[in-house]
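These notes concern the structure reproduced below.
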Amino acid sequence: MATALKEETPRTPETQQSEAVVVRFAGDSGDGMQLTGGQFTLSTALAGNDLATFPDFPAEIRAPQGTLFGVSAFQINFGSEAIETAGDQPDVLVAMNPAALKTNVPALREGGLIIADSGEFGKRNLDKAKYDSNPLEDGSLAKWQFLAFDISALTLEAVKPFGLGNKEALRCKNMWTLGLALWMFDRERQPLIDWLNNKFAKLPDVAAANVAALNAGHAYGETAEISGPLKQYHVDAAPATPGLYRTVTGAESISLGLVAGAQLADLKMFFGGYPITPASAILHHLSRLKEYGITTFQAEDEIAAICASIGASYAGSLGVTSSSGPGIALKGEAMGLAIITELPLIIVNSQRGGPSTGLPTKTEQSDLYQAVYGRNGDAPLPVVAACSPVDAFDCAIEAVRIATEYMTPVMLLTDGYIANAAEPWQVPDMDSYAPFPKEFLTEVPEGGFKAYARDEKLARPWVKPGTPGMMHRIGGIEKAEGTGHINYEPENHQAMTDTRKAKIDGVADSIPEQDVCLGEEGGKLAVVGWGSTFGPIHQAVKRKRAAGVDVSHIHIRHIWPMPKNMGDLLKSYDTVIVPEMNTGQLKTILRDQYLVDAQPVNKVSGQPFTIAEMEAAIDGALQT
Amino acid sequence: MATALKEETPRTPETQQSEAVVVRFAGDSGDGMQLTGGQFTLSTALAGNDLATFPDFPAEIRAPQGTLFGVSAFQINFGSEAIETAGDQPDVLVAMNPAALKTNVPALREGGLIIADSGEFGKRNLDKAKYDSNPLEDGSLAKWQFLAFDISALTLEAVKPFGLGNKEALRCKNMWTLGLALWMFDRERQPLIDWLNNKFAKLPDVAAANVAALNAGHAYGETAEISGPLKQYHVDAAPATPGLYRTVTGAESISLGLVAGAQLADLKMFFGGYPITPASAILHHLSRLKEYGITTFQAEDEIAAICASIGASYAGSLGVTSSSGPGIALKGEAMGLAIITELPLIIVNSQRGGPSTGLPTKTEQSDLYQAVYGRNGDAPLPVVAACSPVDAFDCAIEAVRIATEYMTPVMLLTDGYIANAAEPWQVPDMDSYAPFPKEFLTEVPEGGFKAYARDEKLARPWVKPGTPGMMHRIGGIEKAEGTGHINYEPENHQAMTDTRKAKIDGVADSIPEQDVCLGEEGGKLAVVGWGSTFGPIHQAVKRKRAAGVDVSHIHIRHIWPMPKNMGDLLKSYDTVIVPEMNTGQLKTILRDQYLVDAQPVNKVSGQPFTIAEMEAAIDGALQT
Amino acid sequence: MNDMTPVTTLKDWETDQEVRWCPGCGDYAILKAVQRTMPQIGGTPENTVFISGIGCSSRFPYYMETYGFHTIHGRAPAVATGLKLANPELDVWMVTGDGDGLSIGGNHLMHVLRRNVNMQIMLFNNEIYGLTKGQYSPTSREGTNSPSTPYGSVDHPARPAAFALGSGARFVGRGFDVSKKLPEVLKASHAHKGAAFIEIFQNCIVYNKDVFEDFAAPKGAGDRQLCLEHGKPMLFGDPKVGFDKGIALDRDTLTLKVVDATEENWEAAGVLVHDQTDRTIAHMLIEMPFGPFPMALGVLYDDPRPTFEAAVIEERAKSAAGKEANLAKLLGKGQTWTVDANEGHPTD
Amino acid sequence: MNDMTPVTTLKDWETDQEVRWCPGCGDYAILKAVQRTMPQIGGTPENTVFISGIGCSSRFPYYMETYGFHTIHGRAPAVATGLKLANPELDVWMVTGDGDGLSIGGNHLMHVLRRNVNMQIMLFNNEIYGLTKGQYSPTSREGTNSPSTPYGSVDHPARPAAFALGSGARFVGRGFDVSKKLPEVLKASHAHKGAAFIEIFQNCIVYNKDVFEDFAAPKGAGDRQLCLEHGKPMLFGDPKVGFDKGIALDRDTLTLKVVDATEENWEAAGVLVHDQTDRTIAHMLIEMPFGPFPMALGVLYDDPRPTFEAAVIEERAKSAAGKEANLAKLLGKGQTWTVDANEGHPTD
Ligand SMILES: Cc1ncc(C[n+]2csc(CCOP(=O)(O)OP(=O)(O)O)c2C)c(N)n1
Ligand SMILES: Cc1ncc(C[n+]2csc(CCOP(=O)(O)OP(=O)(O)O)c2C)c(N)n1
Ligand code: SF4
Ligand code: SF4
Ligand SMILES: [Mg+2]
Ligand SMILES: [Mg+2]
């Protein structure tokens with residue numbers, strides 16, 4: 001049972017029932033840890049546990065082997081209750097080399113279990129990891145349990161029959177490790193074996209070797225259990241709504257949400273992108289989905305990417321572009337063009353650590369200012385933020401709905417954590433989504449055609465070039481009300497500025513009121529979050545509430561405009577705190593819009609908040 | 001006396017003593033109205049009046065003659081008291097053709113005087129101006145005084161002796177008009193005659209013809225006075241600090257301020273720009289000042305312009321770049337680079353109407369969000385805003401001081417109105433400015449060289465490439481504290497983010513406390529403004545105070561960070577209103593930072609506020 | 001030229017918007033030339049789109065009674081690429097200036113040419129920034145006095161046609177605003193499938209008056225213009241009295257030279273026959289210095305290859321072939337499991 | 001080559017930073033080649049600056065014990081231009097990639113070449129985006145499978161050297177990562193006053209492994225590499241056993257051809273002598289298709305003209321000549337008036 005792994009963690013009544021384990025796989029970039037983690041995730045999902053993951057890899061493509069900066073890690077938190085974060089502290093650390101041990105062991109819970117490949121703890125690797133002596137031998141790991149055995153040698157042994165070269169053979173180490181992990185948590189091997197055979201269909205020897213390594217690792221567990229400290233744990237399946245499930249990463253689910261959104265809007269999609277970490281994955285996903293009426297275009301830069309998308313929207317497709325911080329900065333001028341020409345457009349921002357190039361592979365929420373305010377002129381646009389891989393699907397659909405119904409660019413915020421993390425996902429039934437088909441203007445309306453006529457949402461008509469009788473010109477210069485001709489008149493500019501603002505403000509009419517996702521309306525303390533801080537906030541609030549603390553969790557999905565009841569809701573609490581992975585950006589909007597004394601809680605380290613940090617913030621807010 | 005022109009204006013005790021007249025010259029773009037206005041301004045200045053101007057010209061280079069959109073106007077407000085705005089309503093309108101009359105007469109004060117060139121009111125021109133009948137004849141100008149005579153014919157007559165072609169001869173019309181205006185306001189002709197002779201030194205016939213036209217216009221005034229409604233007015237000189245004076249536009253004074261700032265900092269200046277209205281004038285001015293150690297570089301685009309300036313700053317020059325809205329949007333990514341590499345840099349933003357291409361030749365204050373928030377990541381930089389052509393000089397120096405003392409990019413905000421408007425300016429005595437010479441690190445300091453060592457202002461050392469022994473590398477990836485090497489560690493990123501924020505917040509230690517520029521600390525109402533709304537706010541507050549209203553004017557020059565006493569100061573008023581030529585951007589900062597219920601008063605028409613609008617806003621705020 | 005029976009007239013291509021260029025600007029003549037060309041190529045206004053950046057030249061779309069998009073500075077090629085990929089049926093014309101296309105927009109221009117998106121790209125080269133009041137541009141000649149270069153510019157100018165060819169253009173044409181032959185070049189550019197680059201010299205009478213007069217002035221034009229025609233000898237001189245000079249190639253030094261030649265003896269004089277598919281000759285014609293040589297006008301190079309949008313469509317079709325666009329299936333892809341209604345726990 | 005007595009050794013150019021490219025990446029070899037070249041050209045670390053954009057290649061400055069600036073994606077030419085104008089004494093080397101330099105940064109590259117800023121521009125062409133994990137780049141060959149083109153790319157690739165020449169480059173060199181001759185090309189680029197463009201083929205072993213093997217592999221290299229030397233015949237074949245082929249020009253069709261030739265009979269065989277100042281030949285060599293022809297390496301074109309910074313300095317000096325930098329006078333320029341102390345009113 002998992003309790004053995006958990007004994008030191010103090011338990012609240014609410015969490016005691018939950019069985020959750022945090023495992024971290026860490027190794028050299030070349031060791032295939034992300035793959036191991038991904039496959040372990042899948043097996044966890046198949047076992048019916050709820051889960052959350054946190055892949056954390058180096059900025060280098062392939063850092064020199066054995067170095068500290070070349071360590072790649074994958075953390076998974078799984079359990080028989082709802083899991084919202086990848087876990088504060090691992091209970092189990094698998095360390096494939098000294099560098100992996102060194103960089104990851106400080107995070108391990110006291111008393112947690114280390115599994116290390118002793119075969120990699122030779123002098124050379126110890127030097128590279130800047131260890132003076134072998135930690136497996138010098139007693140420095142005393143506060144943890146540890147198990148070291150020569151995984152390298154065991155793997156070589158296991159795959160010997162398949163005649164692979166030494167290098168190739170050693171590549172199977174990760175499968176050996178995965179086999180061991182599968183045994184530890186009492187998992188089925190068959191799905192993994194199927195997957196390996198499928199993946200290496202063209203290289204049967206490699207497939208067989210990997211399967212052998214997997215089996216060997218599994219067998220090692222069984223054997224070692226008898227003789228040593230290695231134990232098997234069982235984590236019950238988490239209760240879940242009945243239905244079909246799979247795992248999904250944020251990048252996948254945004255891509256799928258965009259596809260679904262375009263279908264609901266009855267539009268073809270044009271995706272213009274330019275590679276940048278961590279946004280590229282969306283481009284990669286969509287470029288495999290040509291049969292869904294999607295054109296993907298890798299442009300020469302971010303400016304061309306958004307401009308091509310604007311061109312496609314002008315042609316009558318749903319233009320979508322995507323980037324992260326630095327690339328989004330470059331798109332600012334063109335966003336203004338989409339705003340003034342009132343064309344639908346989705347801009348996905350997968351946020352990463354800034355400023356400038358910053359920390360490309362780390363997560364952050366520091367582009368909220370840029371999203372809401374970062375353009376020349378009075379240039380409002382709606383902003384929607386996803387809070388998890390699963391949520392990203394619905395957020396993408398919502399962004400498409402707003403963009404097409406209101407004829408406006410919409411910014412969809414996600415971040416590096418969401419993009420890479422995986423969650424179990426109940427495959428949505430598209431029949432349960434109300435379609436919002438977009439109609440093009442194809443006939444000159446009574447009273448004549450006006451390119452800037454307005455419907456009840458203040459949206460202008462969308463006319464595809466190629467439509468007879470409605471030729472017209474648009475552009476970035478201020479347009480005359482109604483006709484859309486160039487117009488520099490003071491009154492007209494005032495009117496158009498007001499209309500653009502009113503149109504975007506009006507989006508609030510089409511979104512749900514802000515709810516309290518945990519706790520009550522009104523009370524001592526509201527913790528208000530957005531984006532990927534959802535998990536740690538939610539867990540912390542849950543724990544605190546279980547301990548009888550008067551605290552509620554409000555999670556904002558619609559960053560701009562906000563739900564209409566937001567001001568009243570916030571004012572119903574004595575204290576409002578706003579945890580963000582930035583220096584305090586959402587809090588600016590809340591204070592400006594509602595004049596509530598929202599207090600920032602900030603972390604800008606490229607790492608998600610831990611639940612413990614959130615609990616401390618709640619304690620702090622209630623003390624003062 | 002000017003009172004004749006002013007009789008309908010209700011006067012408060014404070015303003016009654018002040019003698020001020022507002023004159024607007026309006027004509028076809030080809031009529032040389034900007035030149036006429038500029039020269040009239042000069043003669044006004046030489047007469048010792050205080051003054052403010054508002055040039056308002058069409059977006060087209062040379063719009064077709066006679067059209068409504070081709071009208072170019074120049075307004076001047078001058079008087080014997082301090083003048084802060086170009087005036088709400090003209091007292092005198094000079095209309096050189098029907099289009100000029102049509103577009104400008106609505107602004108004219110009831111009872112004001114129209115002077116029109118009847119020679120241009122033929123059928124063709126009336127048609128172009130969309131007049132069904134001749135307004136000079138159909139009684140539609142009844143609520144104004146008007147004088148129409150054939151200026152075209154009179155000019156041709158006057159310049160006949162000099163044998164110019166018809167087209168060239170007609171070009172002298174503006175000098176005829178200027179001559180008349182000089183007579184009306186009792187001005188010296190000689191400086192103008194000198195200027196004409198100098199300007200046309202190489203074309204003596206043209207010079208002579210222009211002088212003749214000028215004299216003829218003047219003589220016409222004398223003659224017409226005897227027989228008709230034309231009267232001569234005399235506006236006393238305004239009291240002024242003794243010293244040497246000239247007129248200056250905002251674009252000139254920013255350029256001069258940058259030159260002065262660079263000298264005070266003991267640096268060479270590198271200016272990288274790309275043409276854009278209304279920012280280009282700064283590039284034009286500086287490119288004539290090579291002897292001041294200035295290199296100007298017209299780059300291929302705005303991104304190259306800022307990047308070249310960053311390169312020059314890296315080399316040890318003062319890098320300066322300048323643009324307006326759309327171009328500033330393009331520079332966002334590179335600003336992040338300057339922020340993380342902590343290099344001094346000045347970014348001048350001459351704001352214009354937005355969004356997108358917007359209204360290039362109109363003024364607006366809608367880039368404040370972009371200035372304060374418009375970048376990816378947590379990327380703070382100081383923002384300084386000029387309020388008038390004269391103020392721009394000191395603001396530019398202040399920007400240079402902050403940039404070099406704190407090793408940071410600084411945004412200097414101005415706008416189209418300030419850039420083009422002219423004011424009398426007491427030529428500053430540079431000896432009265434404390435120099436702030438920047439020292440480069442040239443010797444390895446004790447304890448070794450660190451590229452990201454910090455001084456008491458948290459600024460890092462500036463080392464010129466070429467300096468022996470301190471070779472180092474910088475870049476846009478997060479830097480390690482101290483060394484500046486690449487560093488992705490969570491703690492380091494947190495520390496560097498905090499330091500960057502603390503450094504910019506610390507700029508507040510070096511700026512004066514916020515003062516109340518008119519009125520008292522505390523009271524019923526504060527009108528808080530920034531930038532070029534200074535004039536109308538100040539005049540309105542002055543008038544209201546004279547009428548006994550408890551209202552004060554606070555003008556913010558340091559937009560980010562703000563003076564330390566700002567919060568307390570704002571809280572000392574019952575009500576705070578924030579007039580802005582945008583949809584409410586400064587108000588966001590005030591509400592966020594100080595949680596004061598600052599209420600926006602907005603105008604987004606491409607036109608400055610009028611004093612009357614400000615008075616109405618004050619009344620409105622006090623009623624509720 | 002593949003003229004068709006016109007179904008429209010010039011009038012059908014005029015908008016009701018007041019044309020707002022300076023009186024006398026070369027843009028007027030180009031506008032007329034384009035409006036004259038459209039009926040001849042059998043265009044229909046509703047299927048035609050003009051895309052421009054920012055500049056005087058880029059105001060062009062407002063005056064064409066077609067669909068039009070006046071975008072932002074330098075980005076027209078990108079907008080046009082998206083438009084064309086989204087609807088390849090449209091006849092797309094791009095209008096840009098020497099600043100818009102070669103200063104801020106040079107990169108997009110390069111890529112649209114390299115990718116070979118099927119559209120006509122008209123670069124109005126007036127060797128100046130018109131709209132921003134006369135600063136020098138990347139094509140301004142060395143020593144140009146302008147507000148930003150009061151003592152004369154020092155940059156070596158870019159050569160649009162050389163840049164286009166270096167970027168991979170498969171059609172390079174040249175004309176000038178008031179040239180009667182401009183419609184012919186436009187027609188050829190339209191007939192070319194792929195990105196067709198046309199440099200149009202344009203007189204900015206306000207800020208760079210008459211810089212092209214040396215070859216564009218009607219007087220003596222014959223001597224100063226080499227009007228290229230595929231398959232015809234490169235003769236010039238006043239055609240009214242008969243050509244009297246030709247362009248020949250010194251095959252030893254690989255340099256062009258001007259030789260005396262007539263329509264009768266050109267072959268003997270070694271005059272080159274224009275082969276618009278010859279890249280080497282295209283390079284030479286483009287780099288041929290004006291002064292010692294006439295200005296090469298017309299279609300300098302025309303050698304089509306597959307277009308980008310055709311390739312994109314083909315690739316899309318190929319990769320989608322046999323696949324079903326079933327969203328439900330897509331959502332449920334990969335390894336899945338089912339949670340049973342009774343237990344709320346997985347069953348497989 | 002103008003070698004000087006080295007005052008530094010290779011070691012002096014190495015930093016203490018861990019090199020973070022993938023093991024086996026071609027960038028290592030280029031780094032060594034550059035570090036080897038620096039002493040030979042008499043460089044001093046403190047007067048040398050490496051400027052790069054973003055990409056694997058652009059990490060280069062961190063490994064050179066000189067001044068260095070790892071800027072932002074595509075903008076290195078602009079930063080380097082500002083640096084060079086602010087201090088023309090510095091020896092500036094730019095490092096860029098096929099994505100950095102030709103995708104997002106193409107425009108700046110064009111302009112730095114056109115302006116002819118005196119620096120060495122090394123474009124590491126691995127025909128892929130390395131740092132972002134393997135998407136195709138503008139130089140990727142048609143049909144490249146990559147994460148963003150899972151069914152093969154369809155764009156026609158850009159050719160860096162052709163682009164450079166079309167942009168006005170006066171020096172175009174080519175080499176590859178592990179080539180022993182790379183330092184010679186680098187030295188020549190340094191000796192060239194002005195913007196020197198060097199395309200360096202670089203093996204990205206992770207995402208585009210061995211795409212250049214066809215000519216870069218040591219085995220059979222003689223047959224596949226045309227190593228150009230100014231004034232020398234264009235011979236190739238294994239030099240160890242004697243060249244056996246040459247490049248000749250068919251002067252009728254103006255096309256290059258491969259002919260049998262040896263070091264003895266090349267003249268008779270019509271083999272071209274490399275004239276690095278010949279632009280026409282440079283065009284042909286650059287466009288010479290690999291496969292039927294060998295890969296042209298070395299200095300393809302080198303014909304200096306005045307540099308930008310020299311012109312800027314000269315213009316600055318000329319326009320400042322005789323003028324005094326008197327700030328007080330400047331501030332008080334134009335028509336002024338004085339307000340008298342006694343009256344507070346103007347007196348003149
Ligand atoms: C981002 C941006 N930068 C600068 C400008 C200002 N601008 C408008 S047009 C132009 C150059 C115009 O030159 P060109 O393309 O040659 O067109 P022309 O006016 O000569 O026809 C510039 C710099 C702008 N509108 N947007
Ligand atoms: C503005 C911006 N856009 C995109 C990126 C992401 N990015 C980093 S390097 C790179 C391309 C690298 O390719 P290349 O220049 O060929 O260098 P290589 O890694 O192959 O050496 C991209 C797209 C970025 N850092 N900044
Ligand atoms: S400024 Fe020049 S290019 Fe622009 S409209 Fe006037 S003449 Fe034409
Ligand atoms: S990804 Fe390619 S180019 Fe980048 S370091 Fe690795 S091998 Fe080199
Ligand atoms: Mg131009
Ligand atoms: Mg590359």
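Just so we're on the same page: letters track the sequence lines, and every chain starts at 1. Quick caveat, the model's predicted, so the values are computed rather than measured.
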Chain A: which of [options] shares the most heavy-atom pairs with it under 4.5 Å?
options                                : answer
B/Gly354, B/Pro490, B/Gly336           : B/Pro490
B/Thr497, B/Thr588, B/Ile477           : B/Thr588
B/Asp597, B/Leu595, B/Ile340, B/Val596 : B/Leu595
B/Lys587, B/Glu491, B/Lys331, B/Glu489 : B/Lys587
B/Gly332, B/Ala379, B/Pro326, B/Gly327 : B/Pro326
B/Ala598, B/Ala495, B/Ser356, B/Pro360 : B/Ser356

| request: For B/Lys130, look at atom NZ and say whether over 12 heavy atoms of other residues, nucleotides or ligands are found less than 6.0 Å away. | output: no
| field | Over 12 foreign heavy atoms within 6.0 Å of NZ, A/Lys501 | value | no
[X] portion near chain A, given a 4.5 angstrom heavy-atom threshold:
X        : result
B/Arg352 : neither
B/Gln585 : side chain
B/Val372 : neither
B/Ile303 : side chain
B/Asn492 : neither
B/Ile328 : neither
B/Lys603 : both
B/Lys479 : neither

| request: With rounding to the nearest 0.5 Å, note down the distance linking OH in A/Tyr369 to OH in B/Tyr373. | output: 5.0 Å
| remark: Greatest number of non-hydrogen atom pairs under 4.5 angstrom with chain B, of A/Leu359, A/Asp378, A/Thr357, falls to A/Asp378
| request: Considering only heavy atoms and a distance below 4.5 Å, find which of A/Gly358, A/Gly325, A/Gly353, A/Ala329 pairs most often with chain B. | output: A/Gly358
Of all the heavy-atom pairs spanning [X] and [Y], show the shortest one and how long it is.
X        : Y        : result
B/Gln370 : A/Asn376 : OE1-N, 3.1 Å
B/Ile339 : A/Pro355 : CG2-CG, 4.4 Å
A/Arg591 : B/Asp592 : NE-O, 2.6 Å

| Step by step, would you call B/Leu330 with A/Leu330 a side-chain contact (heavy atoms from CB on, under 4.5 Å)? | CA-CA 6 Å; B/Leu330 288 169; A/Leu330 288 169; 5.5 Å; no
| query | Does the side-chain contact (heavy atoms from CB on, under 4.5 Å) test come out yes or no for A/Glu333 and B/Glu302, once each step is laid out? | reply | CA-CA 12 Å; A/Glu333 190 207 2; B/Glu302 287 86 354; over 6 Å; no
| query | Are a donor atom and an acceptor atom from the side chains of B/Glu364 and A/His493 found within less than 3.5 Å of each other? | reply | yes
| request: Enumerate by number any residue of residues 576-584 of chain A whose heavy atoms lie under 4.5 Å from heavy atoms of chain B; in the absence of such residues, state 'none'. | output: A/Asn582, A/Thr583
| Pairing of B/Arg375 and A/Asp367 as salt bridge, 4.0 angstrom limit | no
| Structural part of A/Asn487 lying under 4.5 Å from a heavy atom of chain B | backbone
